[in-house]
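What you see is a predicted model, and the numbers here were worked out from it, not measured in a lab. Just so it is clear: chains get the letters A, B, ... in the order the sequence lines come, proteins before strands, and each one is counted from 1.
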There are 2 protein chains.
Amino acid sequence: MKRILIIEDEKSLVRFIQLELEHEQFFVKAAYDGSSGLQLALAEEWDMILLDIMLPHLDGVEVCRRLRNAKSTPVIMLTARDGLEDRVQGLDSGADDYIAKPFDIEELLARMRAIFRRIELQDQPNRAVLTFRDITVDLDARVATRGGTPIELTKREFDLLAVFMKHPNLVQTRDMLLDLVWGYDSQVETNVVDVYVRYLRNKLDSAGEESVIQTVRGMGYVMRP
Amino acid sequence: MKRILIIEDEKSLVRFIQLELEHEQFFVKAAYDGSSGLQLALAEEWDMILLDIMLPHLDGVEVCRRLRNAKSTPVIMLTARDGLEDRVQGLDSGADDYIAKPFDIEELLARMRAIFRRIELQDQPNRAVLTFRDITVDLDARVATRGGTPIELTKREFDLLAVFMKHPNLVQTRDMLLDLVWGYDSQVETNVVDVYVRYLRNKLDSAGEESVIQTVRGMGYVMRP
DNA sequence: TTACAATTTCAAGGTATGATCAAACTAGTA
DNA sequence: TACTAGTTTGATCATACCTTGAAATTGTAA
């Protein structure tokens with residue numbers, strides 16, 4: 001369920017938008033002034049923010065600008081019908097679109113859909129994320145996490161971990177790992193595998209518990225549940 | 001410079017409007033009858049057409065109707081003071097506005113401005129504005145901003161930034177960037193990518209904070225939140 | 001056209017990170 | 001215990017990346 005934040009001081013308008021969006025299966029929350037809106041925007045995760053440009057405490061342009069320092073949550077600005085200046089400022093401050101008040105709820109929904117579509121196109125394509133136990137490996141972003149916290153890995157370390165994640169439960173011999181990570185014609189000693197397994201263990205394991213990468217004596221290494 | 005086409009058989013009136021519009025920095029051309037006017041309207045690109053309703057060969061309503069089959073160039077009809085019938089017909093045939101002769105040149109300019117404004121507002125929301133963190137990239141206007149302030153970029157710099165903005169979080173190898181920005185058959189060394197990343201960093205980053213473009217050693221570069 | 005400025009590309013030198021090696025050490029097995 | 005397999009470590013080495021200035025190219029004004 002998509003989460004929408006409305007930052008708008010006209011309570012009757014908020015109520016109207018909220019009812020319509022909830023009817024469309026969105027989760028909706030509202031803030032009635034700029035500073036508390038910005039706080040909410042930063043504190044929680046939102047799929048979209050509808051942001052009035054004329055707000056008490058902190059105007060919409062400023063809210064958007066400050067939000068953008070930390071996050072890229074999509075923003076639609078709500079502007080006055082003839083506020084050409086506002087719109088330009090709004091887009092410049094990082095808003096994704098704007099809509100002039102008073103607006104048709106259908107038009108708002110259409111613009112929201114358009115932005116969601118754009119974002120899905122941006123993010124989705126071929127995102128290969130491997131997951132095993134509490135470890136994730138995003139091959140495109142080249143980010144690995146353990147229990148949600150990112151782990152800094154070098155190229156070799158990352159590639160090695162990726163092999164284990166692609167084939168969990170499968171024992172990898174040193175030679176197989178050399179082929180897959182160092183290349184089939186690499187000239188390095190098999191000991192480098194040992195060294196890199198150690199590096200991974202140092203970075204992934206927490207003290208006192210058994211390692212995510214187990215050694216199979218006489219065979220090689222595995223990841224097991 | 002905006003291009004205006006006048007279709008009007010009263011030559012002295014044409015001359016008057018033309019002088020005034022040129023004084024306002026428009027490019028102006030005229031046709032003196034319906035059929036040649038329609039031809040010109042279809043053959044070239046115009047930002048607006050001023051169309052008399054009473055014309056030899058082909059009247060204004062008919063010109064407008066046929067034009068609308070092919071194009072949506074804005075049209076202002078020039079009608080007789082008391083031709084109520086004309087006005088209705090004119091608007092029905094697809095004109096955007098009308099003005100009654102004889103008219104004040106200021107009124108004409110005001111109506112033209114109103115229409116241009118309406119069109120620009122319509123167009124702007126479809127502008128492809130990429131947003132990530134506090135950076136925006138307007139692909140159509142080819143304007144990039146950081147924290148609301150515009151950043152001057154050369155073509156290569158802009159295209160390179162656009163790639164990063166289109167695929168945030170996705171690590172781009174030098175080869176991918178060369179393909180996307182320099183063209184798949186370009187012959188340049190991959191080092192130019194490094195050089196341009198440096199240029200972008202110089203222009204986008206503020207001293208003392210980590211760069212918006214991170215290098216992933218052994219892989220390439222990324223933009224990350 | 002020429003001259004000048006802006007932009008793009010190349011190439012070389014410097015630096016730091018990461019990859020590898022080798023030797024010493026530890027643990028498992030018979 | 002002796003032997004082998006795996007671990008750990010620091011030192012060395014390679015190379016990826018950064019930086020820079022200068023050359024080449026492109027665009028623009030006179």
What N/O pairs connect the protein and nucleotides 4-9 of chain D at under 3.5 Å? Give each pair on its own line.
residue: dT4(D); atom: O2; partner: Arg217(A); partner atom: NH2; Å: 3.4
residue: dA5(D); atom: O4'; partner: Arg217(A); partner atom: NH2; Å: 3.1
residue: dG6(D); atom: OP1; partner: Arg174(A); partner atom: NH2; Å: 3.0
residue: dG6(D); atom: OP1; partner: Gly218(A); partner atom: N; Å: 2.9
residue: dG6(D); atom: OP2; partner: Arg174(A); partner atom: NH2; Å: 2.9
residue: dG6(D); atom: O5'; partner: Arg174(A); partner atom: NH2; Å: 3.4
residue: dT7(D); atom: OP1; partner: Arg201(A); partner atom: NH1; Å: 2.7
residue: dT7(D); atom: OP2; partner: Tyr221(A); partner atom: OH; Å: 2.5
residue: dT8(D); atom: OP2; partner: Arg198(A); partner atom: NH1; Å: 3.1
residue: dT8(D); atom: O5'; partner: Arg198(A); partner atom: NH1; Å: 3.2
residue: dT9(D); atom: OP2; partner: Arg198(A); partner atom: NH2; Å: 2.1

Quiz prompt | Whole angstrom value for the distance that separates C1' of dT20(C) from CG of Leu160(A) | solution = 15 Å

Self-check item: Length of the CD-P vector between Glu157(A) and dT17(C), whole Å
Solution: 14 Å

Quiz item: Can a salt bridge be assigned to the pair Glu152(B) and Lys203(B) using a cut-off of 4.0 Å between side-chain N and carboxylate O?
Solution: no

Quiz item: To the nearest 0.5 Å, what is the distance between OH (Tyr32(B)) and CD1 (Ile7(B))?
Solution: 12.0 Å

Quiz item: Once you round it to whole Å, what is the distance between P of dA19(C) and CD of Gln187(A)?
Solution: 18 Å

Practice problem: Please determine, by modelled atom types, if Glu209(B) and Ser206(B) share a side-chain donor-acceptor pair under 3.5 angstrom. | Solution: yes

Self-check item: Nearest-Å distance for atom pair NZ/P, residues Lys203(B) and dA6(C)
Solution: 12 Å

Quiz item: Between Asp159(B) and Lys155(B), is there a side-chain N and carboxylate O pair less than 4.0 Å apart?
Solution: yes

Practice problem: Could you check how far OH of Tyr196(B) sits from P of dA6(C), rounded to whole Å? | Solution: 14 Å

Self-check item: Sequence neighbours excluded - ring pair (Phe, Tyr, Trp, His ring centres under 6.0 Å) pairs with any residue from residues 199-225 of chain A
Solution: Tyr196(A)-Tyr199(A)

Quiz item: Which of these nucleotides, dT20(C), dT9(C), dT8(C), is closest to any side-chain atom of Val188(B)?
Solution: dT9(C)

Quiz prompt | Atom-pair distance (CD on Gln214(B); P on dA16(D)), nearest Å | solution = 20 Å

Quiz item: Do Thr136(A) and Thr145(A) meet the criterion of a side-chain donor-acceptor pair at a distance under 3.5 Å?
Solution: yes

Practice problem: Take atom CZ of Phe158(A) and atom C1' of dA19(C), then tell me their distance rounded to the nearest Å. | Solution: 18 Å

Self-check item: Residue whose closest nucleotide on DNA chain C lies nearer the 5' end, Thr190(A) versus Lys155(B)
Solution: Lys155(B)

Quiz item: Going by heavy atoms in the side chains, are Ile213(B) and Arg201(B) under 4.5 Å from each other?
Solution: yes

Exercise. Kindly check if the number of other-residue, nucleotide or ligand heavy atoms within 6.0 Å of CZ (Arg133(A)) is above 12?
Key: yes

Practice problem: Please give the angle, rounded to 10 degrees, between the axes at the start and the end of the helix from dT1(C)-dA30(D) to dA30(C)-dT1(D), where five pairs define each axis. | Solution: 30°

Self-check item: N or O in side chain of Trp182(B) less than 4.0 angstrom from dT9(C) OP1/OP2
Solution: yes

Quiz item: Is the NZ or CZ atom of Lys2(B) positioned over Phe27(B)'s six-membered ring, under 6.0 angstrom from the centre and within 45° of the axis?
Solution: no

Quiz prompt | Contact under 4.0 Å: Thr154(A) side-chain N or O vs dT17(C) OP1/OP2 | solution = no

